[in-house]
Colleague: 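What follows is a single structure, and I will ask about it in a moment.
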Amino acid sequence: MTIAEEPGRTRTPGLSWYDLVLEDERPVPDHLRARSPYTARTQYVPVERYTSRAWHEAERRYLWRRVWQMACREEHLPEVGSYVVYDIAGDSYLVVRSRDGEIRAYVNACLHRGRALKDYDGRCSEFRCSFHGFTWKLDGTLRHMPGAREFPDVEADREAWRLPEARVGTWGGFVFINPDPDCEPLEQFLGTLPEHFALWDFEHRYLQAHVAKKVRCNWKVAQEAFDEGLHLGATHPQSAPYVGDGNSAVDVYGNYARQISPSGTPIDDMPVDPSERDILARMLDVREGEELPIPFSQRTTARDSMARAGRERWRQVLGEEAEEISDGELLDHWNYALFPNLHPWGGYNRIVYRFRPHGDRHDECIFEVMFLTPYRGERPPPAPITWLDFEDSWTRATELQTLALVMEQDTFNMEAVQRGLQTTRRPHTITSDFQEDVISWRHDLLTEWVEKPAAEEGR
């Protein structure tokens, strides 16, 4: 049964990704092709979730202080004392490699008068407050306080003056924290996500590029620009001949979901049917009259040709293991979304996105793009972060190469969406039946994490 035939579902007609990849020279393995459809509980998203300060405050309390969230990569903490300052929705945490080699996370605030203990990432042997000199060891215990006799309550119970700690977990080289001491283990939260990524080996990659841009929109507005392929024809017209939107796969697996847009096939409403050679030329950005840089014959397809070329590139890193990679893993856009705000791309792709509020603003966000690249031998050091301000173009981040132009197109819409949401007279936005299911899924989870607990506490 195809998706279009599935009872109760309305979907753009055409060959679905699940069936399309069966026609490849090397089809996608069954476990990656298995479907996990989603039935949205609501397709009407309240506008206040993007525009309301009260909703932002509820997210801070019931989401960001209770959910597992990616704070950094393990490679950011290579040595004892290496630490990262992780900020989220007005809160701040110190993620550090302690002396026993374990990774710990502390609330970034002095317990004396509240000054942030650290302002920037770095390495230290202790956490010393720059205001009065209160000092904590890397294990969070109090080491020193000035004028100790004047703090008899502290001296009487030094154990109570440990730095408040968040829980820490790791997966795929990512470091996650959860401020809720009673939270479920990270392994339980991730579910079957590690099984999907097992062959893609995120542990043995390095951070080749890391770019963060400030954008004047809610963090969910920015994130939702990457939850569906429906926008491809209007926002990315250059990709219309070779990235199919109506052919997409959409699957939901508890706390994570995925949306896969296939390459080598045009969008649904192209005015003319491009030839396979035309599709390949667009994929390679070949101009009219120029020769194709990779082998192609009329007996093959654009997908076949690009898969073979991609397999040769990966052979340089994976050796003969590259022969086992399916065409779809090399070609297609595997956009996984881990609730609430992390997008590690699957398949043999380097892209990772993260979205979070800018400071404590509900109408501004930080949109991060990372390249996680396989390596041989010793792991290269992680790339320093490149910061782009509100007015800066993505093209300033030359390390993103051609992806910078795509990011520029996507960001062009984000601030306009925020302005529209703030002026619309409609109380809700609406999501489509199939292609925007990832948006519906996330808002269904936000209802469970934020709306219901807030309502219960209000009662």
Colleague: Do Trp17 and Asp332 get their side chains close enough for a donor-acceptor pair, meaning under 3.5 Å?
Modeller: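 On atom types as modelled, these side chains qualify, holding a pair under 3.5 Å.
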Colleague: Give the ring-plane orientation class for Trp449 versus Phe339, where under 30° counts as parallel, over 60° as perpendicular and anything between as tilted.
Modeller: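 Tilted.
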Colleague: Please check if the side chain of Arg303 supplies one atom and the backbone of Ser263 the other of a donor-acceptor pair under 3.5 Å.
Modeller: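 A pair under 3.5 Å: yes.
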Colleague: Got a sec, which residues hit salt bridge (Lys or Arg N to Asp or Glu O under 4.0 Å) with Asp87, two or more places apart in sequence or on another chain?
Modeller: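 Checked Asp87 against salt bridge (Lys or Arg N to Asp or Glu O under 4.0 Å); zero matches.
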Colleague: Report yes or no: do Thr447 and Arg49 form a side-chain donor-acceptor pair below 3.5 Å?
Modeller: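 Their side chains do contain a donor-acceptor pair, which is all the 3.5 Å distance test asks for.
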Colleague: Is the side chain of Arg73 donor-acceptor paired with the backbone N or O of Gly172 at a distance under 3.5 Å, no angle test?
Modeller: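 Yes; judged by distance alone, with no hydrogens or angles, the pair exists.
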Colleague: Would Arg123 pass as a cation-pi partner of Tyr83, given that its NZ or CZ must be under 6.0 Å from the six-membered ring centre and within 45 degrees of the axis?
Modeller: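 The answer is no; the distance or angle limit is not met.
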Colleague: Closer than 3.5 angstrom, by distance alone: can the side chain of Arg311 be matched with the main-chain N or O of Ile325 as a donor-acceptor pair?
Modeller: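 Yes, because the side chain of Arg311 sits within donor-acceptor range (under 3.5 Å) of the backbone of Ile325.
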Colleague: Are any side-chain N or O atoms of Asp121 and backbone N or O atoms of Val85, one a donor and one an acceptor, separated by less than 3.5 Å?
Modeller: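 Side chain of Asp121 to backbone of Val85, a donor-acceptor pair under 3.5 Å: yes, one is there.
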Colleague: Tell me the side chain to side chain donor-acceptor pair (under 3.5 Å) pairs involving residues 188-197, sequence neighbours left out?
Modeller: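 Every pair satisfying side chain to side chain donor-acceptor pair (under 3.5 Å) with a residue in residues 188-197: Glu184-Gln188, Thr192-Tyr256, His196-Tyr256, His196-Tyr336.
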Colleague: Calculate, to the nearest 0.5 Å, the distance between atoms CZ and SG belonging to Phe134 and Cys129 respectively.
Modeller: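 The CZ atom of Phe134 sits 8.5 Å away from the SG atom of Cys129.
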Colleague: Residues two or more places apart in sequence or in another chain: which of them pass salt bridge (Lys or Arg N to Asp or Glu O under 4.0 Å) with Glu155?
Modeller: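 If we apply the salt bridge (Lys or Arg N to Asp or Glu O under 4.0 Å) test to Glu155, skipping adjacent residues, the hits are Arg158.
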Colleague: Which of these, Glu448, Glu451, Glu224, sits in a side-chain hydrogen bond (donor to acceptor under 3.5 Å, both in side chains) with His443?
Modeller: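 Exactly one candidate clears the test, Glu224.
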Colleague: Is the distance between the ring centroids of Trp136 and Tyr106 less than 6.0 Å?
Modeller: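 No, they do not, as the ring centres are separated by 6.0 Å or more.
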Colleague: Would you say Arg205's side chain and Trp200's backbone share a donor-acceptor pair under 3.5 angstrom?
Modeller: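 At least one qualifying donor-acceptor pair exists.
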Colleague: Strictly by salt bridge (Lys or Arg N to Asp or Glu O under 4.0 Å), give each pair with a member in residues 100-113 just once, sequence neighbours left out.
Modeller: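 Applying salt bridge (Lys or Arg N to Asp or Glu O under 4.0 Å) to every pair that reaches into residues 100-113, excluding sequence neighbours, yields Asp100-Arg104, Arg104-Glu165.
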Colleague: Could Lys118 and Phe127 be counted as a cation-pi pair, given that NZ or CZ must be under 6.0 Å from the ring centre and within 45° of the axis?
Modeller: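 Not flagged: Lys118 not positioned over aromatic ring of Phe127.
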Colleague: The criterion is side-chain hydrogen bond (donor to acceptor under 3.5 Å, both in side chains); which residues satisfy it with Arg33, sequence neighbours excluded?
Modeller: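 Partners of Arg33 under the side-chain hydrogen bond (donor to acceptor under 3.5 Å, both in side chains) test: none.
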Colleague: Begin with the C-alpha distance, continue with both residues' side-chain angles, and end with the deciding distance and a verdict on side-chain contact (heavy atoms from CB on, under 4.5 Å) for Val45 and Tyr50.
Modeller: CA-CA 10 Å; Val45 179; Tyr50 308 98; 3.6 Å; yes
Colleague: Ignoring hydrogens, what is the shortest heavy-atom contact between Ser125 and Leu138? Give both atom names and the distance.
Modeller: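 Heavy-atom minimum between the residues: O-CG, 3.7 Å.
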Colleague: Scan side-chain atoms only and decide if Glu59 and Trp219 contain a donor-acceptor pair under the 3.5 Å cut-off.
Modeller: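 There is such a pair (donor and acceptor under 3.5 Å, judged by atom type) between the side chains of Glu59 and Trp219.
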Colleague: Which of parallel (below 30°), tilted (30 to 60°) and perpendicular (above 60°) describes Phe202 and Phe174?
Modeller: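 Plane angle between 30° and 60°, so tilted.
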Colleague: For Met407, does its backbone N or O pair with a side-chain atom of Thr411 as donor and acceptor, under 3.5 Å?
Modeller: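 Judged by distance alone, yes, a pair lies under 3.5 Å.
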Colleague: Only counting residues at least two apart or in another chain, list the ones meeting ring pair (Phe, Tyr, Trp, His ring centres under 6.0 Å) with Tyr62.
Modeller: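 Residues passing ring pair (Phe, Tyr, Trp, His ring centres under 6.0 Å) with Tyr62: none at all.
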Colleague: Would you call Arg361-Asp363 a salt bridge at under 4.0 Å N-O?
Modeller: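 A salt bridge is present here (some side-chain N lies under 4.0 Å from a carboxylate O).
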Colleague: Are Cys110 and Phe131 close enough that some pair of their side-chain heavy atoms sits under 4.5 Å apart?
Modeller: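 No - every pair of side-chain heavy atoms lies 4.5 Å or more apart.
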Colleague: Aromatic ring centroids of His358 and Phe390 under 6.0 Å?
Modeller: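 Yes, they do, as the ring centres are separated by less than 6.0 Å.
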Colleague: Could you tell me which non-hydrogen atom of Val438 sits nearest to which non-hydrogen atom of Ala337, and how far apart they are?
Modeller: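 Taking every non-hydrogen atom into account, CG1-CB, 4.4 Å.
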Colleague: Check Gln259 against Ser248 and note the closest heavy-atom contact, atom names and distance.
Modeller: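 That closest heavy-atom pairing would be NE2-OG, 3.2 Å.
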Colleague: For the side chain of Gln69 and the backbone of Trp64, is there at least one donor-acceptor N/O pair under 3.5 Å apart?
Modeller: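 Yes.
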Colleague: Run the salt bridge (Lys or Arg N to Asp or Glu O under 4.0 Å) test against Arg115 and tell me which residues pass, sequence neighbours left out.
Modeller: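 Counting only residues at least two positions away or on another chain, Arg115 forms a salt bridge (Lys or Arg N to Asp or Glu O under 4.0 Å) with Asp119.
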Colleague: Under the side chain to side chain donor-acceptor pair (under 3.5 Å) definition, can you give me all pairs with a residue in residues 207-217, not counting sequence neighbours?
Modeller: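 Applying side chain to side chain donor-acceptor pair (under 3.5 Å) to every pair that reaches into residues 207-217, excluding sequence neighbours, yields Gln208-Arg350, Gln208-Thr373, His210-Glu368, Arg216-Glu391.
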Colleague: Is it true that Arg379 and Glu74 have a side-chain N and a carboxylate O under 4.0 angstrom from each other?
Modeller: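 Result for this pair is no, no salt bridge flagged.
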Colleague: Assess the side chains of His56 and Asp360: does a donor N or O sit below 3.5 Å from an acceptor N or O?
Modeller: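 Looking only at side-chain atoms, Asp360 and His56 do form a donor-acceptor pair, the distance falling under 3.5 Å.
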Colleague: Using the test ring pair (Phe, Tyr, Trp, His ring centres under 6.0 Å), find all partners of Phe367 that sit at least two apart in sequence or belong to another chain.
Modeller: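 Phe367: ring pair (Phe, Tyr, Trp, His ring centres under 6.0 Å) contacts with Phe226, Tyr353, Phe355, Trp394.
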Colleague: Taking ring pair (Phe, Tyr, Trp, His ring centres under 6.0 Å) as the definition, give me every residue that meets it alongside Tyr206, ordered by chain and number, with sequence neighbours left out.
Modeller: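 Not a single residue meets the ring pair (Phe, Tyr, Trp, His ring centres under 6.0 Å) criterion with Tyr206.
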Colleague: Under the 3.5 angstrom rule, does the side chain of Arg315 hit a backbone N or O of Ala322 as a donor-acceptor pair?
Modeller: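 Checked: no pair found.
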Colleague: Could you list the residues that satisfy salt bridge (Lys or Arg N to Asp or Glu O under 4.0 Å) with Asp392, not counting sequence neighbours?
Modeller: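 Residues passing salt bridge (Lys or Arg N to Asp or Glu O under 4.0 Å) with Asp392: Arg396.
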Colleague: Distance-only, no hydrogens or angles: does the Arg97 side chain make a donor-acceptor pair with backbone N or O of Leu77 under 3.5 Å?
Modeller: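 Looks like yes, one N/O pair under 3.5 Å.
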Colleague: Is the backbone N or O of His362 less than 3.5 Å from a side-chain atom of Asn218, with the two atoms forming a donor-acceptor pair by type?
Modeller: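 Yes, the answer is positive, given that a donor and an acceptor are paired below the 3.5 Å cut-off.
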Colleague: If the condition is ring pair (Phe, Tyr, Trp, His ring centres under 6.0 Å), which residues does Phe176 pass it with, not counting sequence neighbours?
Modeller: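 Scan of Phe176 (ring pair (Phe, Tyr, Trp, His ring centres under 6.0 Å), adjacent residues dropped) gives none.
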